[in-house]
Structures are given as C-alpha cells and as structure tokens.
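Shown next, in structure tokens, is the structure this report addresses.
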Amino acid sequence: MTAAATDTAARRQVQGIVLLAHGSRDPRWREPIEAVAAQTTARVPDALVTCAYLELAAPDLSMATAALINAGATAIRVVPLFLGMGKHAREDLPRQVEALRQAWPQTVFTLARIVGEEPELIGLLAQVATRDDAESTTQS
C-alpha cells in the first residue's frame, strides 16, 4: 500500500464508541447511560455512539458492536461505565473484547479503563458528595 493509500484509509476510519454498563430490568436505570451517550455524540459528532449492557438489558456488547460495524465503524472503543474494578471489568470484559477481535479482525478494538478509575470522575463524585443541602436536587 502506498503512503497516499495509507493516508486515505486512515482518513476513512470511522470511530465507534460503546458505552458499556451493567444493565437492569428497570428502564429508568438506562436514562443516565443514554444521557452520557447523547453528550458523547454532541462532543464527537463524527463518531458512532451506542450503549450496551452486560446483562438484564439489550443490546449486549456483541449486538452493539455488530450494529456499529454494520453502520460503518472501523475502530471501536469500549468504555466500561463501572465505578469499581469487579469481576466483570477484570475478567469478563477483556474476554468479551478479545472474542470481538476474533470475530471482526478487520476492526480495531480498544478497551478503555473503567470510568471509576478516571481522576476526573473521582473528583466530580467528591464534588457531588460535598454539596450542601441548598445544591441538592432531591431531599428525603
């Protein structure tokens, strides 16, 4: 492949982002996850953004990935929306991403750190936790 062809192929790369959360049967549980997806799309309008769930909700990671690839994604970043490094994030998720790499070898997959390990989120959670009652949106 020539340098020009490589440059053209790189420019045609379409980024897909999967926001992966645990899942729940309660449809209201999905609202904040979908709000993150909407803000992600607003920040990166050229990216294809979708939500996926490990269990109790659809789509799962494989279904969400297939939809992104069918929509033209050539690179997919999986962002685990977990606060702590539990078994799902430590063991299950890396296996699932490796299975995706095997299923779609032409697609570049990256697995982000869990969001709970990001310093910005830790700081934001501390900020929310230390709000006074006047700033709170719900009261008991």
Side-chain angles (χ1 to χ4, degrees):
M1 187 179 277
T2 67
T6 301
D7 186 50
T8 301
R11 274 186 269 161
R12 277 190 259 150
Q13 186 175 40
V14 177
Q15 179 68 51
I17 300 172
V18 178
L19 301 171
L20 182 69
H22 187 273
S24 171
R25 287 182 185 91
D26 185 339
R28 293 172 300 170
W29 182 90
R30 296 170 65 134
E31 291 173 4
I33 309 305
E34 292 168 357
V36 172
Q39 286 194 25
T40 302
T41 298
R43 285 176 169 252
V44 191
D46 292 339
L48 301 171
V49 180
T50 192
C51 301
Y53 306 95
L54 281 177
E55 55 191 31
L56 306 174
D60 65 13
L61 181 56
S62 182
M63 291 168 47
T65 297
L68 289 176
I69 291 170
N70 288 335
T74 58
I76 295 177
R77 181 170 192 241
V78 178
V79 181
L81 300 183
F82 303 130
L83 291 179
M85 179 59 83
K87 182 180 181 290
H88 285 312
R90 188 177 54 254
E91 296 175 17
D92 301 336
L93 188 51
R95 276 191 290 244
Q96 288 183 13
V97 171
E98 185 54 37
L100 296 174
R101 287 182 179 122
Q102 297 299 315
W104 288 287
Q106 75 285 4
T107 304
V108 176
F109 288 92
T110 55
L111 177 58
R113 283 194 311 186
I114 63 169
V115 296
E117 293 182 345
E118 296 295 339
E120 300 91 344
L121 183 61
I122 293 167
L124 179 59
L125 292 172
Q127 179 183 347
V128 170
T130 56
R131 284 184 185 156
D132 64 27
D133 288 337
E135 296 174 306
S136 297
T137 58
T138 60
Q139 296 178 2
S140 31

Closest heavy-atom contact between [X] and [Y]?
{"X": "Pro59", "Y": "Cys51", "value": "CG-O, 3.4 Å"}
{"X": "Thr50", "Y": "Ala64", "value": "CG2-CB, 3.8 Å"}
{"X": "Ile17", "Y": "Ala47", "value": "CD1-CB, 4.1 Å"}
{"X": "Pro80", "Y": "Leu111", "value": "CG-CD1, 3.9 Å"}

Cluster link [X] to [Y], ILVMFWY, side chain under 4.5 Å:
{"X": "Phe109", "Y": "Leu19", "answer": "no"}
{"X": "Leu83", "Y": "Ile114", "answer": "no"}
{"X": "Leu100", "Y": "Phe82", "answer": "yes"}
{"X": "Val18", "Y": "Met63", "answer": "no"}
{"X": "Leu93", "Y": "Val108", "answer": "no"}

Output side-chain donor-acceptor pairs under 3.5 Å for residues 27-36, partner residues at least two apart or in another chain, one line each.
residue : atom : partner : partner atom : Å
Arg28   : NE   : Asp26   : OD1          : 3.2
Arg28   : NE   : Asp26   : OD2          : 3.4
Arg28   : NH2  : Asp26   : OD2          : 2.8
Arg30   : NE   : Glu34   : OE2          : 3.2
Arg30   : NH1  : Ala58   : O            : 2.8
Arg30   : NH2  : Ala58   : O            : 3.2

When rounded to the nearest 0.5 angstrom, what is the spacing between [atom1] in [X] and [atom2] in [Y]?
{"X": "Glu120", "Y": "Leu125", "atom1": "CD", "atom2": "CG", "value": "11.5 Å"}
{"X": "Leu56", "Y": "Arg25", "atom1": "CG", "atom2": "CZ", "value": "4.5 Å"}
{"X": "Glu55", "Y": "Asp92", "atom1": "CD", "atom2": "CG", "value": "9.0 Å"}

Strictly below 4.0 Å, N to O, side chains only: are Glu98 and Arg101 in salt-bridge contact? yes

Carefully, step by step, assess Leu20 and Val79 under the rule side chain to side chain contact (heavy atoms under 4.5 Å, CB included). CA-CA 6 Å; Leu20 182 69; Val79 181; over 6 Å; no

Atom CD of Gln39 with >12 non-hydrogen neighbours under 6.0 angstrom: no

Please tabulate, for the side chains in residues 65-78, all donor-acceptor contacts under 3.5 angstrom to protein atoms that are two or more places apart in sequence or on a different chain.
residue : atom : partner : partner atom : Å
Thr65   : OG1  : Leu61   : O            : 2.8
Asn70   : ND2  : Ala66   : O            : 3.2
Thr74   : OG1  : Val14   : N            : 2.9
Thr74   : OG1  : Val14   : O            : 3.4

Determine, step by step, whether Arg43 and Thr40 satisfy the side chain to side chain contact (heavy atoms under 4.5 Å, CB included) criterion, reporting the C-alpha distance in whole Å, the side-chain angles of both residues, the deciding distance to 0.1 Å, and the verdict. CA-CA 5 Å; Arg43 285 176 169 252; Thr40 302; 5.7 Å; no

Partner residues of Asp60 under the side chain to side chain donor-acceptor pair (under 3.5 Å) criterion, sequence neighbours left out: none

